[in-house]
Protein chains: 2
Amino acid sequence: MTPQRQAILEYLVTEHSHPTADDIYKALSDRFPNMSVATVYNNLRVFKDIGLVQEMNYGDASSRFDFVTSRHYHIICDACGKVVDFNYPVLDEIEAVASQLTGFKVDRHRLEVYGTCPACQTEQAHKH
Amino acid sequence: MTPQRQAILEYLVTEHSHPTADDIYKALSDRFPNMSVATVYNNLRVFKDIGLVQEMNYGDASSRFDFVTSRHYHIICDACGKVVDFNYPVLDEIEAVASQLTGFKVDRHRLEVYGTCPACQTEQAHKH
DNA sequence: ACACTATTTATAAAGATTACTATGTAAGAA
DNA sequence: TTCTTACATAGTAATCTTTATAAATAGTGT
């Protein structure tokens, strides 16, 4: 557990945003002026492998990383990219159905809702 | 509707795989030896904009493209990357709940199930 | 034939992520 | 302490996917 590793983990735990690797890199560049981007990626992979952190890919943009606490889903704003958590009963049934229909051994699923966040809604309304 | 455009669309309709841009490019390189990769991307974007084709991003790998027929979900093999369709009632409720909880105006959602396909299951079993 | 518009090709460029190498650093054994 | 081993980091090059750009091409209508 190096200082850099601790700082990255700390950032993920305390910040409730869903930062990209670059967000983390920039946020910590004050405390670690010569930390490498590769270090951020390396540590994020370590955290992911042991299940502490979840990686989320959206389109062509950068991956976002989320410290895993409780089970929740994400809703993402198409306009500004903001990610917000929301709770919903875990969709176990769809996994069972998918497994039956396809013969796959199911491991997990991934669900995201897309739309426009309140802030961007008002901004778009003001454009008239 | 150029010959290249037609060929790309034809490939998406007839092949029931979920090809990447590069898959399409390679598959058509016999008939169009000097077609550019950019042409594939351009046309895929055109198809996507008019709603003929759906783009799917998985992790760091390339996007996959799916000709839109009926509403269905995807299950993806972690071992070989294969994508298989399966049918399930559309999850309208989760969109409503998410909207209520977050104040977002919901546009759509995205759901994928991950696991191991039958072929890779047997292959993994034979490794003992 | 001429102008206009859209498409293609070819290539450069961008952006995110990984690979690689050398350096550093901490822990353990002799 | 000193040597050794293992691993983390920094720095940079390389890779891969996708987009941007500019020139060439082809089609359509006048």
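Below, chain A is the first sequence line, B the second, and so on; all start at residue 1.
- Taking side-chain N and O atoms only, A/T2 has a distance below 4.0 Å to OP1 or OP2 of D/dT9.
- Nearest-nucleotide positions on DNA chain D place A/N43 closer to the 5' end than the other of A/N43 and B/V37.
- You'll find the side chain of A/F86 stays beyond 4.5 Å of the side chain of A/V84, heavy atoms only.
- In this structure, A/N42 does not reach the C/dA19 phosphate: none of its side-chain N or O atoms is under 4.0 Å from OP1 or OP2.
- One finds no salt bridge joining A/D49 and A/R45 here, because no Lys/Arg side-chain nitrogen approaches an Asp/Glu carboxylate oxygen to under 4.0 Å.
- Of all heavy-atom pairs spanning A/C77 and A/C120, the tightest one is SG-SG, 3.8 Å.
- To the nearest angstrom, P of C/dA16 lies 16 Å from CE of A/M56.
- One interatomic measurement links the two molecules: CZ of A/R45 to P of D/dT9, which rounds to 12 Å at whole-angstrom precision.
- Between the C1' atom of D/dC7 and the CD atom of A/Q4 lies a distance of 13 Å, rounded to the nearest Å.
- For A/S62 against C/dA16, a side-chain-to-base donor-acceptor contact under 3.5 Å is absent.
- Here D/dT17 presents its C1' atom at 13 Å from CG of B/D23, a figure rounded to the nearest Å.
- A sub-4.0 Å separation between OP1 or OP2 of D/dT19 and a side-chain N or O of B/Y41 is absent.
- Remark: A/R108 engages B/D78 in a salt bridge, criterion side-chain N to carboxylate O under 4.0 Å.
- One interatomic measurement links the two molecules: CE of A/M1 to C1' of C/dT25, which rounds to 16 Å at whole-angstrom precision.
- In this entry the distance linking CZ of A/R5 with C1' of C/dT25 reads 13 Å, nearest Å.
- B/H109 places a side-chain heavy atom less than 4.5 Å from the side chain of B/L91.
- As judged by a 4.0 angstrom heavy-atom cut-off over every strand, B/D22 is placed among residues making no nucleic acid contact.
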Atom pairs under 3.5 Å, N or O on each side, protein against nucleotides 24-26 of chain D: can you list them with distances?
none

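- Of the possible donor and acceptor atoms, one in the side chain of A/T102 sits under 3.5 Å from a partner among the backbone N and O of A/A98.
- Atom CG of A/N57 is separated from atom P of D/dC16 by 18 Å (rounded to the nearest Å).
- For A/N34, counting side-chain heavy atoms from C-beta on, the closest listed nucleotide (D/dA8, D/dA10, C/dT8) is D/dA10.
- When the nucleotides C/dA19, D/dT18, D/dT9 are ranked by their closest atom to the side chain of A/T39, D/dT9 comes out on top.
- Put simply, B/S36 has no side-chain N or O that comes within less than 4.0 Å of OP1 or OP2 on C/dA10.
- Taking a 6.0 Å sphere around CD of A/E15, one finds it holds more than 12 heavy atoms contributed by other residues, nucleotides or ligands.
- Distance A/L28 CG to D/dT9 C1': 14 Å, rounded to the nearest Å.
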